[in-house]
Amino acid sequence: MWAIHDGLLQAWDLGYTRIELESDCLEAVRIIHSESSALAGSALVSSIKEVLGRGWTVVVKHVGRGSNRVADFLAAQGRNLVAGGMRLSEPPVALVSLLEEEYLGPSSSMGEATGVG
């Protein structure tokens, strides 16, 4: 939930007006959509909802962990940073192949056949 909160604030501070927030934590998505009473009354959840209610469009959706490898990579890198994080002007070299795979989709992998039976 803190990553969602901080990511939203960063996007707001950067001036984005339309974003898509993807999380592989289904419970977090349910909490944000008020479909779960977990963390009811939490200051963190209240702050997330306040940021969501600002003058912008934010689509919040759940994605499977396998579909979120880029975010997982960045989150793992972020655990090694001091408070405040960092901003990247280009992706780290180790991330480029994951970005390419995500952009091209799973059907683009060489050597795989889909729909063959």
Side-chain angles (χ1 to χ4, degrees):
M1 295 299 287
W2 277 109
I4 289 171
H5 175 268
D6 294 347
L8 286 169
L9 286 178
Q10 185 174 18
W12 177 261
D13 290 345
L14 289 170
Y16 289 97
T17 58
R18 298 179 58 87
I19 66 166
E20 185 172 296
L21 186 157
E22 297 178 341
S23 175
D24 61 10
C25 179
L26 181 58
E27 189 64 20
V29 172
R30 287 181 173 160
I31 290 168
I32 291 168
H33 285 295
S34 300
E35 297 170 355
S36 171
S37 60
L39 302 178
S42 160
L44 176 58
V45 173
S46 296
S47 182
I48 290 170
K49 290 186 178 190
E50 181 274 321
V51 174
L52 289 170
R54 295 178 182 178
W56 63 339
T57 302
V58 180
V59 176
V60 178
K61 67 181 190 175
H62 176 257
V63 295
R65 183 168 292 265
S67 301
N68 215 13
R69 292 174 54 208
V70 170
D72 287 341
F73 176 91
L74 292 171
Q77 298 301 306
R79 285 192 282 274
N80 299 322
L81 299 175
V82 295
M86 69 178 187
R87 293 185 180 159
L88 301 170
S89 59
E90 56 186 59
V93 173
L95 183 59
V96 172
S97 64
L98 288 176
L99 287 166
E100 289 172 347
E101 288 174 27
E102 189 168 299
Y103 176 75
L104 296 173
S107 63
S108 65
S109 300
M110 293 183 65
E112 291 185 12
T114 57
V116 176

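- Partners of Ser97 according to the side chain to side chain contact (heavy atoms under 4.5 Å, CB included) rule, which considers only residues two or more places apart in sequence or in another chain, do not exist here.
- Interatomic distance, Cys25 SG to His62 NE2, rounded to the nearest 0.5 Å: 7.5 Å.
- Connection of Leu39 to Leu26 is not established within any shared hydrophobic cluster, with ILVMFWY side chains joined at heavy-atom distances below 4.5 Å, either directly or through further cluster members.
- Legend: residues meeting side chain to side chain contact (heavy atoms under 4.5 Å, CB included) with Leu95, ordered by chain and number and at least two apart, are Val70, Phe73, Leu74, Pro91, Pro92, Leu98, Leu99.
- Of all the heavy atoms in Ile31 and Met1, the pair that sits closest is CG2-CE, 4.0 Å.
- Contacts classified as ring pair (Phe, Tyr, Trp, His ring centres under 6.0 Å) and involving residues 8-41 (residues at least two apart or in different chains) are given here: Trp12-Trp56.
- Between Asp13 atom CG and Asp6 atom CG the span is 10.5 Å, to the nearest 0.5 Å.
- Follow the hydrophobic side-chain contacts under 4.5 Å out from Val59 and you never reach Leu9; the two are in separate clusters.
- Evaluated for a side-chain contact (heavy atoms from CB on, under 4.5 Å) with Leu8, the options Val60, Ile48, Ile32 yield exactly one hit, Ile48.
- Under the ring-ring contact (aromatic ring centres under 6.0 Å, His included) criterion, His5 pairs with Trp2, sequence neighbours left out.
- Looking at residues two or more places apart in sequence or on another chain, you find a salt bridge (charged side-chain N to carboxylate O under 4.0 Å, His left out) between Glu50 and Arg54.
- Partners of Ser34 under the side-chain hydrogen bond (donor to acceptor under 3.5 Å, both in side chains) rule, at least two apart in sequence or in another chain, are Lys49.
- Scanning both residues, Asp24 and Gly64, for their nearest heavy atoms gives CB-C, 4.2 Å.
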